[in-house]
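When a residue number appears, it is its place in the shown sequence, counting from 1.
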Amino acid sequence: MATSIIVGYRPFPGRTDLVISILLEVYEALQQAGLITARRPWIMRGADGDVVAAFEMTDEYSFEASERIREISALRARLMGVAERVPLSSLSETSRPIAEFETSTGFPAATAT
């Protein structure tokens, strides 16, 4: 069984598409570094514009390890310039038994399942 990370972001006004774009760059950089698998990320948008990203990690992943990679650290800094990281429990969708999000289709096809 794999382990995944799920992160919530609240984009600053008018920045939702940019947040999604940066998350896709983060995905590519993490994958190239061998810290996440080739499985497509789930990048979702809530009704309030909040963004949720889910990535499947490799055994080598740790936040500390990823921060030592300059490209990933720079992308995260850029991300924090257009959104704030929020607890998943603060998203309106999580107050219901079934959380429903719009799923982004803006990521590349992956060969992994």
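- When every heavy atom of Pro11 is checked against every heavy atom of Ala83, the shortest pair comes out as CA-CB, 3.7 Å.
- Annotation for Glu84 and Phe12: closest pair N-CE2, 4.0 Å, computed over non-hydrogen atoms.
- Other residues, nucleotides and ligands place more than 12 heavy atoms under 6.0 Å from the CG atom of Asp48.
- Looking only at side-chain heavy atoms (C-beta outward), Val19 and Thr16 stay at 4.5 Å or farther from each other.
- Here Ile43 contributes atom CD1 and Tyr9 contributes atom OH; the two are 9.5 Å apart, rounded to the nearest 0.5 Å.
- Atom-to-atom distance recorded for Arg40:CZ and Leu24:CG is 11.5 Å, nearest 0.5 angstrom.
- Taking every heavy atom of both residues into account, Thr94 and Ser90 meet most closely at OG1-N, 4.5 Å.
- Within the structure, salt bridge (Lys or Arg N to Asp or Glu O under 4.0 Å) contacts touching residues 2-13 (residues at least two apart or in different chains) are Arg10-Asp50.
- At a threshold of 4.5 Å between non-hydrogen side-chain atoms, the residues Leu35 and Ile69 count as touching.
- Here the CZ-CD1 distance, from Arg70 to Ile72, works out to 12.5 Å after rounding to the nearest 0.5 Å.
- For Arg85, there are no salt bridge (charged side-chain N to carboxylate O under 4.0 Å, His left out) partners two or more places apart in sequence or in a different chain.
- Between the CD atom in Glu28 and the CG atom in Leu23 there is a gap of 12.0 Å [rounded to 0.5 Å].
- Judged by distance alone, the side chains of Ser4 and Arg39 never bring a donor and an acceptor atom under 3.5 Å apart.
- Residues Leu88 and Gly8 share a closest heavy-atom pair of CD2-N, 3.7 Å.
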Could you please spell out the steps behind the side-chain contact (heavy atoms from CB on, under 4.5 Å) verdict for Leu18 and Arg78?
CA-CA 10 Å; Leu18 183 54; Arg78 202 168 135 219; 4.1 Å; yes
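- A donor-acceptor contact shorter than 3.5 Å is absent between the side chain of Tyr27 and the backbone of Ile22.
- Between Ser66 and Arg76, the shortest heavy-atom contact is OG-NH1, 2.6 Å.
- Within the structure, salt bridge (Lys or Arg N to Asp or Glu O under 4.0 Å) pairs that include any residue of residues 86-102 comprise Arg45-Glu102 (at least two apart or interchain).
- Judged purely by atom type and a 3.5 angstrom limit, Thr37 has no side-chain atom pairing as donor or acceptor with the backbone of Met57.
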